[in-house]
J.: 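Questions regarding the structure given below will be posed in turn.
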Amino acid sequence: MLSAVRRWLPLLGAIALLALLYHGLAPATVNGDGLGYLKSSPTGIVVPGHLGYLPLMRGAGRLFGASSPFALLGPARLISLLSGLLATLALFAAARLRMSQPAALVAALGLGVSFGVVQAASDVETYAPALAALCLATWCGLARTEGGGAVWLGGAILSTAVAALLHVENVLFVPAIALLCRNGRRRHDLWIAPLGTGLLVGSAYATAWSTRGDTFASGWHWLTRASHGFSYPLGTRTPIAALYGIAKTLVYSPYPHEASWWRVAVQTLLGLVTMSLAAWLVLQAQPPFSKWVLSAWIVPYSVVGITFYASDNERWLFLLPPLWLTVGQAAEGARPRRVAVGLLVLLTVFDLGLGLPVARDATVRDRATALSGHLRRGDLVISPGHGWDEYLGFFQEIPIEPFPLVYFCGHLGSAEAMRRDLAHRAIAARARRARIFLARLDSVDGPDGWKELRAFGVTPENVSTYLPVGRRVPIAPQLQLLEPAADQIE
């Protein structure tokens, strides 16, 4: 009994420390994507690219009796935290099939303390549960390779389908899991995994189409244009953006518009240094997968990572499991193990030293809270979006009608379509005697929202042409009341 406790104590201690790390780095203000999920969850809609995520959130909400967007914040973050821990445990289980327990612990902890995972596990996002499903699929696939029966094949298929339903990008994992399950097994395994995964994912999408075709059809525009209606501009800087995104997967670095260039450069350099250490360890090891499995895993995700918003560390998150499994394999040697342990310590220190101040920054929350006092139920609030303006009313649970211009431009496909939709909403607001507010539209306080709006021809200089007619009455800094024009007053 005592020997069993001693055997599992390091893993249990690591999981406890990771749980504290994820909880401690939960940001004071939920991220923008998470805010959108929280607002959408009570409405019952589905998000085509993340078909399984909102039902998961709604299930957690029912379990904890949370129905409003703000009340869902705690349960949603708990999903992320538990998913981060599950991903770590699943990768440990996968690693133990190929390496010793100390080496497997290096692999699991490496995944757990990588900043991309810390970020996903401490906030509201699809990435942590999707990563957990991907790691479970990896474990099942390796177990199948090691001689496991049909149960492991079924587990690999189910986990891959769940990963794809939580984040559509994970359909890219199907070739890798097919090869992994076939590796050393019968030939028909090569098509069983893709067929089974396709049937599960296809059935889920068919059900969503039949029950929520309106939402699904509008979501198709998003799917075909890669990111909420916005196309990523490829150029000569794309490789640099990719290096930045890859580095940020290990060590946090702010975006250039969030901090000074020297700070961005230094923190990116720290990420590249840790990535170089990981690469050195990879070169010392025999990969835990065949070259065909690795190629089928790495190449598709890398192509998507470079093509769509390469500077976002989420694009590279799903490549961390093979990286850390290989590092764990290297840690079987004495010298590489010391380097690997040092790398884990560095990453943990960087997580706390660089991530904690950002997590504790409540500037956005405080600003939104201060201005939300001027709002009441049913108010129409027009703003650029992608900034503090989208948090108005959220923390105080004031059910306003937000109209972020950047979202509706992307959703409807053009600035003109957005203008027409806004005009109808303004008429409806006047009819129900609701007020109309303008937030962040009287002066530019940053590129958030405006950068994306320029792609549709909307700028701070011409934005008034897309807004309802009325007289602007200053209420507070960056908040104006739009009074109706004379011909709109009864």
Side-chain angles (χ1 to χ4, degrees), residues 35-47 67-71 212-219 221-222 228-229 368-442 449 453 456-458 460 462-490:
L35 179 68
Y37 296 133
L38 291 169
K39 289 181 177 180
S40 299
S41 184
T43 67
I45 69 170
V46 295
V47 180
S67 57
S68 69
F70 180 68
R212 294 306 303 264
D214 54 340
T215 301
F216 204 88
S218 64
H221 176 72
W222 174 80
H228 304 279
T369 298
L371 294 179
S372 294
H374 299 282
L375 306 177
R376 63 179 181 232
R377 184 185 186 92
D379 286 343
L380 174 63
V381 181
I382 307 167
S383 68
H386 286 185
W388 57 261
D389 46 295
E390 293 209 42
Y391 295 85
L392 291 170
F394 172 72
F395 297 105
Q396 296 73 32
E397 301 192 75
I398 304 172
I400 62 172
E401 181 184 1
F403 195 95
L405 302 178
V406 65
Y407 169 80
F408 284 95
C409 275
H411 180 68
L412 299 174
S414 71
E416 181 57 29
M418 178 272 294
R419 184 193 65 77
R420 290 194 299 268
D421 188 79
L422 178 54
H424 290 308
R425 291 173 185 265
I427 291 171
R430 299 291 190 207
R432 66 174 185 266
R433 299 191 180 279
R435 299 174 301 171
I436 300 177
F437 283 93
L438 307 178
R440 285 187 64 218
L441 288 172
D442 55 338
L453 282 170
F456 292 92
V458 181
N462 69 9
V463 68
S464 295
T465 62
Y466 298 97
L467 302 178
V469 177
R471 185 172 69 92
R472 300 186 183 190
V473 179
I475 301 297
Q478 295 286 328
L479 185 68
Q480 298 172 304
L481 176 65
L482 188 66
E483 292 188 340
D487 58 354
Q488 294 177 306
I489 300 176
E490 294 182 358

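Quick caveat, the model's predicted, so the values are computed rather than measured. These numbers come from the heavy atoms of this one structure, side chains and all, not from hydrogens, waters or symmetry mates.
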J.: Distance from Leu412 atom CG to Phe456 atom CZ, nearest 0.5 Å?
T.: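 It comes to 9.5 Å.
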J.: Phe394: what forms a ring pair (Phe, Tyr, Trp, His ring centres under 6.0 Å) with it, not counting sequence neighbours?
T.: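 Phe394: ring pair (Phe, Tyr, Trp, His ring centres under 6.0 Å) contacts with Phe70.
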J.: Should Leu405 and Ile382 be marked as a side chain to side chain contact (heavy atoms under 4.5 Å, CB included) after you check the CA-CA gap, both sets of side-chain angles, and the distance that decides it?
T.: CA-CA 7 Å; Leu405 302 178; Ile382 307 167; 3.8 Å; yes
J.: Test side chain to side chain contact (heavy atoms under 4.5 Å, CB included) on Leu380 and Phe437; report intermediate values, then the result.
T.: CA-CA 6 Å; Leu380 174 63; Phe437 283 93; over 6 Å; no
J.: Taking the side chain as everything from C-beta on, heavy atoms only, tell me whether Ile475 gets closer than 4.5 Å to Gln480.
T.: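 Counting from C-beta outward, Ile475 and Gln480 never come under 4.5 Å.
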J.: Is Asp389 reaching over with its side chain to a backbone N or O of Leu438, donor-acceptor style, under 3.5 angstrom?
T.: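 Not confirmed, Asp389 side chain does not pair with Leu438 backbone.
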J.: Between Gln478 and Asp442, is a side chain to side chain contact (heavy atoms under 4.5 Å, CB included) present by the stated rule, with each step listed?
T.: CA-CA 6 Å; Gln478 295 286 328; Asp442 55 338; 3.4 Å; yes
J.: Please check this pair: side chain of Thr465 against backbone of Asn462, looking for a donor-acceptor N/O pair closer than 3.5 Å.
T.: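 Yes, the answer is positive, given that a donor and an acceptor are paired below the 3.5 Å cut-off.
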J.: Closer than 3.5 angstrom, by distance alone: can the side chain of Ser41 be matched with the main-chain N or O of Leu38 as a donor-acceptor pair?
T.: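 Side chain of Ser41 to backbone of Leu38, a donor-acceptor pair under 3.5 Å: no, none is there.
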J.: Among side-chain atoms of Ser383 and Glu390, is any donor-acceptor pair under 3.5 angstrom?
T.: no
J.: Check whether more than 12 heavy atoms from other residues, nucleotides or ligands sit under 6.0 Å from atom CZ of Arg377, and answer yes or no.
T.: no
J.: Got a sec, which residues hit ring pair (Phe, Tyr, Trp, His ring centres under 6.0 Å) with Phe408, two or more places apart in sequence or on another chain?
T.: Phe403
J.: For side chain to side chain contact (heavy atoms under 4.5 Å, CB included), just list the numbers for Glu401 and Arg432, CA-CA rounded to whole Å, side-chain angles, deciding distance to a tenth of an Å, and then say yes or no.
T.: CA-CA 12 Å; Glu401 181 184 1; Arg432 66 174 185 266; 2.8 Å; yes
J.: Say you draw a straight line from CG of Leu482 to CZ of Arg471; how long is it, rounded to the nearest 0.5 Å?
T.: 10.0 Å
J.: Ser414 and Arg420: side-chain donor and acceptor closer than 3.5 Å?
T.: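 Side-chain D/A pair, Ser414 to Arg420: absent.
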J.: Just so I know, are the side chains of Arg472 and Leu467 near enough to count as touching, which here means a heavy-atom distance under 4.5 Å?
T.: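 Of all side-chain heavy-atom pairs linking Leu467 with Arg472, at least one is under 4.5 Å.
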J.: With rounding to the nearest 0.5 angstrom, report the CD1 to CD1 distance, Ile398 to Ile400.
T.: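 It comes to 7.5 Å.
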J.: Report yes if some heavy atom in the side chain of Ser372 is under 4.5 Å from a heavy atom in the side chain of Leu392; otherwise report no.
T.: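 A side-chain contact exists here, since the closest heavy-atom pair is under 4.5 Å.
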J.: First locate atom CH2 of Trp388, then atom OG1 of Thr369, and finally report the distance between them rounded to the nearest 0.5 Å.
T.: 11.5 Å
J.: Taking all heavy atoms of Ala415 and all of Cys409, pick out the closest pair and write down the distance.
T.: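 Answer, listing the atom of Ala415 first, then Cys409: CA-SG, 3.9 Å.
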J.: Kindly say whether Met418 contributes a backbone atom to a donor-acceptor pair with the side chain of Asp421 at under 3.5 angstrom?
T.: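 No; judged by distance alone, with no hydrogens or angles, the pair does not exist.
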J.: Within the 4.5 Å heavy-atom criterion, are His374 and Asp379 side-chain neighbours or not?
T.: no
J.: Would you say the side chain of Pro42 lies within less than 4.5 Å of the side chain of Pro69, judging by non-hydrogen atoms?
T.: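 Contact flag for Pro69/Pro42 side chains = yes.
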J.: Can you see which heavy atom on Lys39 is nearest to which on Pro402, and at what distance?
T.: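 Nearest pair, atom of Lys39 first, then Pro402: NZ-CG, 4.4 Å.
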J.: Using every non-hydrogen atom in the two residues, find where Pro477 and Leu371 come nearest and quote the distance to one decimal.
T.: O-CD1, 3.8 Å
